[in-house]
Amino acid sequence: MGTNAAAASPAGVAPAPARVTGTIRYWAAAKAEAGTAEEPYEAATLAEALAAVAERHADRPRLLQVLGHCSFLVDGDPVGTRDRATVPLTPGGTVEVLPPFAGG
């Protein structure tokens, strides 16, 4: 008999979202500070993906500062003020990292 992940979870507790792979794209100052235009992620949520970026680029403190001022799009949808831990990522998805732009 197979194991059902939902049945194995305590009542009322949702199972952890599955980790997926996708692409993080950096723009403008974020791109300059990351030293790359894009890189892969493996994460379940935006918060998890950004934590991995911070770990991977620990030697680039300026990137971490820039990320603190960025807006994010996940699969083209603005994240806005939502808690990044509640923003799920999709298989093959894209996270756009958008620093503030001057001049509108």
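What you see is a predicted model; the values in this text were computed from it and never measured.
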Flag the pair [X] / [Y] as yes when at least one side-chain heavy-atom distance between them is below 4.5 Å, and no otherwise.
X	Y	value
Val20	Thr90	no
Trp27	Val97	no
Phe72	Leu50	yes

By side chain to side chain contact (heavy atoms under 4.5 Å, CB included), which residues pair with Thr23, not counting sequence neighbours?
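Result, side chain to side chain contact (heavy atoms under 4.5 Å, CB included) vs Thr23: Arg25, Glu38.
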
Extract all donor-acceptor atom pairs below 3.5 Å that involve side chains of residues 79-86 and protein atoms in other chains or at least two apart in sequence.
| residue | atom | partner | partner atom | Å |
| --- | --- | --- | --- | --- |
| Arg82 | NE | Val79 | O | 3.2 |
| Arg82 | NH2 | Pro78 | O | 3.1 |
| Asp83 | OD1 | Ala85 | N | 2.9 |
| Thr86 | OG1 | Asp83 | O | 2.7 |

Could you grab the distance from atom CD of Gln65 to atom CD of Glu33, nearest 0.5 Å is fine?
8.5 Å

Contacts satisfying salt bridge (Lys or Arg N to Asp or Glu O under 4.0 Å) that involve residues 55-79 (not counting sequence neighbours) are Glu39-Arg56

Give the minimum heavy-atom separation between Tyr26 and Thr36, together with the two atoms involved.
CD1-O, 3.6 Å

Nearest non-hydrogen partners of Pro99 and Ala30, listed with the distance:
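For Pro99 versus Ala30, the nearest heavy atoms are CG-N, 3.5 Å.
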
Going by side-chain heavy atoms closer than 4.5 Å, which hydrophobic residues are tied to Val66, directly or by a chain of links?
none

Sequence neighbours excluded, the answer for side chain to side chain donor-acceptor pair (under 3.5 Å) partners of Glu48 is Arg19

